[in-house]
Visitor: 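Below is one structure. I have some questions about it.
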Amino acid sequence: MIGGVLPPGFKEVLALVEERAGLAAPSCLAAALEGIQRAMARANQDDVTRYLHEVTLDNVLFDDLLTELTIGETYFFRTHEHFDHLRRVVLPELRERRGQGHLLRAWSAACSSGEEPYSIAALLMAEGWEEHMTVRATDVSRTALSRAQQARYTDWSLRGPSADRMRAHLKQEGRFYWLSQDVKRHVQLGYLNLALETWPTAESGLWQMDVIFCRNVLIYFNRATIEGVARRLHASLDDGGYLFTGPSDPPLGDYAPFEPVLAEWGVLYRKPLAGSNAGHFVPLQPLAPLRADGTPFPAPGERPRSGSFTAMPEARVPAPPLARPPLTGLPTTAFGTGASVLPGAEGAVPGLPSPGSGLFGGGAPVPDASIGGAPAPGARTSVGGTPVADAGPSPVSGTRTRFTLSVEALEAVRQALARGDWREAARRAGAQSSDPEGALAAVRALANLDPRAALFACGEALVRHPLVAGLRYLEALLLLGQARLADAEKSARQALYLEPGLAVGHLLMGHVLRRQDEPAAAARAYREAEGLCRKLPPEALVPLAEGERAGALAEVARAEWRRLERTEGGDAS
């Protein structure tokens, strides 16, 4: 039921909206009340009971009410990162997989006044799909669909940073812009209530879609409606099709078997390929690790592919023999309470664990009696030597998860590392575990034996768990250890997208930006890290900080941003 304090009758209006359109109770009831009152005024009603009766029977009044209770915020090429990703990644992959003659099917769900589907159509035309495309556009508001059909816009629809890409298709008359027929003819508009079990069907045309944009609409739905919509969106996609949702929309992985894909700007979803095509293409794999000489680490017989996609090897990938790195790996320095540091170009940043220092989660290397013999007290290992994290606190809870390898597993890992077979070492260490915490613990343990192999293992784990912030953070840390600053920044941003409150992620970002001569941005990252730590009790353990306390880590972050501010010109040298 709808909660909160509302005048008599208004609660029933919101209940009707939830029942008919699946909209959840609005967070701001005062704004909802004002919206209902505006809709009542347009209906020439001042009695809410009478209005409720009329709006129940009149679809036009109901559409008008929905318009008041939802935000029809849109403009051409809104969230340009989605359109850039469609152009750079999705379209080349579809053309390669489906062939030049494939009829691309796109759908703008909740299209509002049409800017989104017309942007999709314009982009497809520009990329050479004009004769092999169809764009469907639906909305629950007939008022919005009427505006989309009219296709008359103002400067307000051209306010986005990429909206100029649409001007070639617009003819200005006074203060209005009229969309050209060349674009309009590719878009089929239609009414659809996403909350109802009336789709997908072949008759409606909403099926076997290659691309769906359903952005900034799921935020309005209650949980049951989100689940139903997610399930139907998945069914509407063709195998290998893509779904773009809004940055504020809820994650859909718990509702339908989507394959989440993490990009620099956020998450999109893909319906997995079925049958023999499943191994042909794997989207947006984590960065491939490098050999000791800095060259890529390809699979046997792997052919270079165009675009931004890299197929993961199917078989075991032996690398050239590597000299065993010293177990100390990256240098560490005591600081304050004993926090480890990462090496910097001109200094070191305290508070972050260093691969190879033995600080990656209580695994190897520690004295051989601990990792080469019996498991540590309370730790568990499965038959066959598979490493298992104990039932203690989660790695992301702020306390270190105990992790150990059986004698057999540890020896197998070391033998694989000795011959440079990182894939086998990752498998033996447990990086491919279906449990994200187990995979994270395995990668952290492997990082203490060979940071380069750990980076490969992290990539293996991220294929299975692409939305685990801890793995993205660890990947960034390992990349930083290889001085791959641009790649480290990308992974750190992905970790912070997934978990904005990750204090060590902001601390790491500060270090990466400082080393890239971006002192102002680095200082902001350090301040954010300090602020997050200050919100915790001083003695609280900071998640993923390897035992560091919030008070000490806050002082570390504070010292870093103050040092940047004091240094003339922001040069932290």
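Note that the structure is a prediction, hence the values are computed from the model and not measured. Atoms considered below: every heavy atom in the structure, side chains included; atoms not considered: hydrogens, waters and symmetry mates.
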Visitor: To check you understand the geometry: which heavy-atom pair defines the closest contact between L564 and A522, and what is its length?
Guide: CD1-CB, 3.8 Å
Visitor: Using distance alone, with no hydrogens and no angle criterion, decide if T74 and E116 have a side-chain donor and acceptor under 3.5 Å apart.
Guide: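 Absent: no donor and acceptor within the cut-off.
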Visitor: For W265, check ring pair (Phe, Tyr, Trp, His ring centres under 6.0 Å) against everything at least two apart and list the hits.
Guide: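 H82, H85.
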Visitor: Y75: what forms a side-chain contact (heavy atoms from CB on, under 4.5 Å) with it, not counting sequence neighbours?
Guide: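 Residues passing side-chain contact (heavy atoms from CB on, under 4.5 Å) with Y75: E73, R78, R159.
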Visitor: Residues two or more places apart in sequence or in another chain: which of them pass side-chain contact (heavy atoms from CB on, under 4.5 Å) with Q149?
Guide: K184, L189
Visitor: I'd like to check the side chain to side chain donor-acceptor pair (under 3.5 Å) partners of Q516; sequence neighbours left out, ordered by chain and number.
Guide: E489
Visitor: Quick test of your reading: applying ring pair (Phe, Tyr, Trp, His ring centres under 6.0 Å), list the pairs with at least one residue in residues 36-58, sequence neighbours left out, ordered by first then second residue.
Guide: none
Visitor: Could you pull out all residues at least two apart from R95 that satisfy salt bridge (charged side-chain N to carboxylate O under 4.0 Å, His left out)?
Guide: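 Partners of R95 by the salt bridge (charged side-chain N to carboxylate O under 4.0 Å, His left out) criterion come out as none, since no residue qualifies.
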Visitor: How long is the straight-line distance from CG of L52 back to OG1 of T56, given to the nearest 0.5 Å?
Guide: 4.5 Å
Visitor: Look up atom CZ in R215 and atom OG1 in T245, then write down how far apart they are to the nearest 0.5 Å.
Guide: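 Interatomic distance, R215 CZ to T245 OG1, rounded to 0.5 Å: 9.5 Å.
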Visitor: Quick check: do W107 and L233 have side-chain heavy atoms less than 4.5 Å from each other?
Guide: yes
Visitor: Using a 3.5 Å distance criterion without hydrogens, assess whether the side chain of E12 forms a donor-acceptor pair with backbone atoms of G9.
Guide: yes
Visitor: Could you check whether any side-chain N or O of K271 sits under 3.5 Å from a backbone N or O of L237, counting only pairs where one atom can act as donor and the other as acceptor?
Guide: yes
Visitor: Over all heavy atoms of both residues, which pair between A163 and S157 is shortest? Give the atoms and the distance, please.
Guide: CB-O, 4.3 Å
Visitor: Contact between M509 and E528 at the side-chain level, heavy atoms closer than 4.5 Å - yes or no?
Guide: no
Visitor: Could you pull out all residues at least two apart from D238 that satisfy salt bridge (charged side-chain N to carboxylate O under 4.0 Å, His left out)?
Guide: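 Checked D238 against salt bridge (charged side-chain N to carboxylate O under 4.0 Å, His left out); matches are R98.
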Visitor: With no hydrogens and no angle check, is any side-chain donor or acceptor of D139 less than 3.5 Å from a backbone partner on A144?
Guide: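 A pair under 3.5 Å: no.
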Visitor: State which residues pass ring pair (Phe, Tyr, Trp, His ring centres under 6.0 Å) with Y153; sequence neighbours excluded, sorted by chain then number.
Guide: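 Only F76 meet the ring pair (Phe, Tyr, Trp, His ring centres under 6.0 Å) criterion with Y153.
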Visitor: Out of curiosity, L16 CG to F62 CZ, how far, rounded to the nearest 0.5 Å?
Guide: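 Output value for this atom pair is 5.5 Å.
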Visitor: Report yes or no: do W199 and S236 form a side-chain donor-acceptor pair below 3.5 Å?
Guide: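 No donor-acceptor contact under 3.5 Å links the two side chains.
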Visitor: Is there a donor-acceptor pair closer than 3.5 Å between any side-chain N or O of T225 and the backbone N or O of F221?
Guide: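 Absent.
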Visitor: What pair of heavy atoms forms the shortest contact from Y269 to L252, and how long is it?
Guide: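 Heavy-atom minimum between the residues: OH-N, 3.1 Å.
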Visitor: Identify the two heavy atoms, one from A550 and one from V542, that lie closest to each other, and give their separation to 0.1 Å.
Guide: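 A550 and V542 have their closest heavy atoms at CA-CG2, 3.5 Å.
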Visitor: If you measure from OH on Y220 to CG on D249, what distance do you get to the nearest 0.5 Å?
Guide: 9.5 Å
Visitor: Holding to side-chain contact (heavy atoms from CB on, under 4.5 Å), I want the full list of residues that pass it with R142, two or more places apart in sequence or in another chain.
Guide: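 Partners of R142 under the side-chain contact (heavy atoms from CB on, under 4.5 Å) test: N59, D63, Y191.
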Visitor: Could you pull out all donor-acceptor pairs under 3.5 Å where a side-chain atom in residues 118-129 meets a protein atom, sequence neighbours excluded?
Guide:
from, atom 1, to, atom 2, distance (Å)
Y118, OH, A148, O, 2.8
S119, OG, F77, N, 2.9
S119, OG, E115, O, 2.7

Visitor: Who passes salt bridge (charged side-chain N to carboxylate O under 4.0 Å, His left out) against E530, sequence neighbours left out?
Guide: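 For E530 the salt bridge (charged side-chain N to carboxylate O under 4.0 Å, His left out) partners, ignoring immediate neighbours, are R534, R558.
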Visitor: Can you tell me how far the CZ atom of R147 sits from the SG atom of C111, to the nearest 0.5 Å?
Guide: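 Result: 12.0 Å between the selected atoms.
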Visitor: Would you kindly say whether H102 and D210 are connected by a side-chain donor-acceptor distance under 3.5 Å?
Guide: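 The criterion, which ignores hydrogens and geometry beyond distance, is satisfied for D210 and H102.
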Visitor: What are the two closest non-hydrogen atoms of H234 and P272, and how far apart are they?
Guide: NE2-CD, 4.3 Å
Visitor: My understanding is that only residues two or more places apart in sequence, or in another chain, count here; which of them pass side-chain contact (heavy atoms from CB on, under 4.5 Å) with Y497?
Guide: L262, V267
Visitor: When rounded to the nearest 0.5 angstrom, what is the spacing between CG in L243 and CD in E259?
Guide: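 The CD atom of E259 is 13.0 Å from CG of L243, to the nearest 0.5 Å.
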